[in-house]
Amino acid sequence: MRTVDRLRLNALLHDEDTKFLLEHPRSHALYQRACRSMQGGVPMLWMIRWAGTFPIFGKEAHGAHFTDLDGHSYIDFCLGDTGAMTGHSPKATLETIKAQAGRGITYMLPTEDAIWVGEELQRRFGLPFWQFTLTATDANRFALRMARHITDRPKILVFNYCYHGSVDETFMTLDEEGTPRPRRGNIGPPINPVETTKVIEFNDIPALETSLSAKDVAVVLAEPVMTNIGIIHPEPGFLQALREITRQTGTLLILDETHTLCAGPGGYTQKHDLRPDFLTCGKSLAGGIPAGVYGFSQEVADTFWAKLEIDQSDVGGIGGTLAGNALSIAAMRATLEHVLTPAMYDRCEKLADRYEMGIKQAIKELDLPWIVTRLGLRVEYWFRQTPPRNGGEANAAIDSELDRFMHLWALNRGILMTPFHNMALIAADTSEADVDHHTITFRDALQALIG
Ligand SMILES: Cc1ncc(COP(=O)(O)O)c(C=O)c1O
């Protein structure tokens, strides 16, 4: 099998940086201006991590495409890192947003749409009670609080290299010796997460048994398939073991479906008939309007209610003035009713098949030791020969230089990939021509790399 020549890679990266700079003069000028009013020249810190030497400035986005202020058009496989999995501004959501905005945006009162959404979430995910937030981060934070309140246990457990949003206590990893440590880059933690959080590898049943046997863990927070260090599937029996061991030890289980909603209309949970105590989700649920949800079982609801001081509930650490606002809820109803439908998933799955097949063929033809993993509408290539079993293995396979080259090569040819991954997401209006353009561009990148 062929390997990538690092000198060649460096030279190619240099050429791509030059091309990027030459072709984005307006974004460059705006970035320089932005640096004078926003730290790092971006509205949110992580936006400095795009593959170019500065971010491109967006102009408009429709469906699976957008344009930048330099006049380039792009096929969007990033889709706001899942926030726009519906495609940008889907028609039904957009019309509802316009109508609802004319009737008021936030009144701090329930609307009838909220009941419709609650009932739909019951149907999709199988949990009876639902609450609304503005982000998936908050959904996770509030579910964690409820779990601690119910169990009176101090700790949580997460999997190595998970990501569940900016939830303080989740930023834990295992070092090379397997010792739990705060994750690198953890900014100003309120307390050392070693004190709050146990961390083990995904797919490690013995470690799970040992960690939960002390009965000091309130809740396990997990994606049913890891997606944020790349797609890592559970091995056969792992999710069943996770459910059994949590039940045996009186530990609650939160499944975070924020990304795995790409597996089907009811996420991985519905598809595989999983029975978590809590389920959290966000990002695409309202077509890009901020919205998150968390649902829980009858048993959780009853125990929580019995321990709740209703007259103090506004200062209990679960809240958000704008949470459950009329606009987010109306957008969620329209998106669930008309956009994230079984028909949409069927159509996009076929395109994801085409995307997957295209990149697999190119990898095979050019004889590189890379593989492709897949979850529903999400497809990802890896610079390793076997699928990783866990976050530690996945992290070891990261090749930042090669990542940056693949992303920048694609960007310079009108394709936006999800940052921090080699992942593509298919949207409702991605076309076969979009997928084929990506396949050709990807194959050309590989050809350039091996010379
Ligand atoms: C699995 C998962 N959960 C939660 C979140 C948090 O989403 P948000 O940043 O919208 O709060 C993310 C963000 O990437 C995520 O990947």
Side-chain angles (χ1 to χ4, degrees), residues 42-47 49-50 77-86 125 131-145 147 156-173 183 185 187 197 199 202 219-234 239 253-264 267-269 274 276 278-295 318-320 322-325 328 331-332 335 373 375-378 380 391 394-395 417-425:
V42 285
M44 175 47 71
L45 256 190
W46 50 260
M47 288 189 199
R49 287 205 54 208
W50 287 101
F77 288 111
C78 166
L79 296 165
D81 194 17
T82 307
M85 187 172 87
T86 51
F125 297 115
Q131 294 278 277
F132 301 110
T133 61
L134 289 181
T135 63
T137 298
D138 268 356
N140 283 324
R141 290 199 307 111
F142 299 160
L144 291 177
R145 274 188 174 262
I156 69 158
L157 183 140
V158 295
F159 293 104
N160 198 21
Y161 286 105
C162 67
Y163 186 74
H164 296 282
S166 40
V167 181
D168 290 320
E169 58 218 294
T170 55
F171 293 106
M172 283 288 292
T173 45
R183 192 159 174 172
I187 301 168
T197 308
V199 56
F202 198 60
V219 65
V220 175
L221 172 59
E223 289 185 281
V225 179
M226 291 186 80
T227 64
N228 279 295
I229 190 80
I231 299 168
I232 306 176
H233 284 277
L239 292 177
L253 175 62
I254 305 171
L255 290 183
D256 179 346
E257 288 273 10
T258 305
H259 276 181
T260 47
L261 189 62
C262 69
Y268 200 83
T269 294
L274 305 177
F278 292 88
L279 186 143
T280 55
C281 196
K283 293 203 182 186
S284 57
L285 283 178
I289 292 283
V293 298
Y294 56 108
I318 291 180
L322 301 181
N325 71 76
S328 296
M332 217 180 322
T335 306
T373 50
L375 177 68
L377 317 185
R378 216 176 266 278
E380 181 171 40
N395 184 56
M417 301 292 289
T418 309
F420 336 128
H421 302 274
N422 295 309
M423 193 184 285
L425 187 62

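Just the heavy atoms: all of them, side chains too, but no hydrogens, waters or symmetry mates, feed the values below. Ligands are counted one by one from 1 in listed order, and the atoms in each one are counted from 1 as well. Since this is a predicted model, take the numbers as computed values, not measurements.
The minimum heavy-atom distance linking V199 with F159 is given by the pair CG2-C, 4.0 Å. Counting all heavy atoms, side chain and backbone alike, D256 lies closest to P224 at O-CD, 3.5 Å. When all heavy atoms are compared, the tightest approach of I232 to G391 is CD1-N, 3.8 Å.
Listed by number with element, the atoms of ligand 1 under 4.0 angstrom from any heavy atom of E223 are 1 (C). Residue G165 has at least one heavy-atom neighbour below 4.0 Å for each of these atoms of ligand 1: 4 (C), 5 (C), 6 (C), 12 (C). Atoms of ligand 1 found under 4.0 Å from any heavy atom of T135 (numbered from 1 in listed order, with element): 11 (O).
The aromatic rings of F171 and Y163 sit tilted relative to each other, their planes meeting at an angle between 30° and 60°.
Residue-level proximity to ligand 1 for D138 is absent, since no heavy atom of it falls below 4.0 angstrom. Residue-level proximity to ligand 1 for T258 is carried by the side chain, the only part with a heavy atom below 4.0 angstrom.
When hydrogens are left out, the protein atom nearest atom 12 (C) of ligand 1 is K283 CE, 3.7 Å; that is the closest non-hydrogen contact. Atom 7 (O) of ligand 1 has its closest protein heavy atom at A136 CB, 3.5 Å. Nearest protein neighbour of atom 16 (O) of ligand 1, counting heavy atoms only, is N228 ND2, 2.8 Å.
Remark: among candidates D256, T418, T137, L221, the nearest residue to atom 8 (P) of ligand 1 is T137, based on non-hydrogen atoms.
A salt bridge does not link D168 with R141: none of the charged nitrogens is closer than 4.0 Å to a carboxylate oxygen.
Using a distance-only test at 3.5 Å, with no hydrogens or angles considered, no donor-acceptor pair links the side chain of E223 to the main chain of C162.
With contacts defined as side-chain heavy-atom distances shorter than 4.5 Å, the pair L425/C78 does not qualify.
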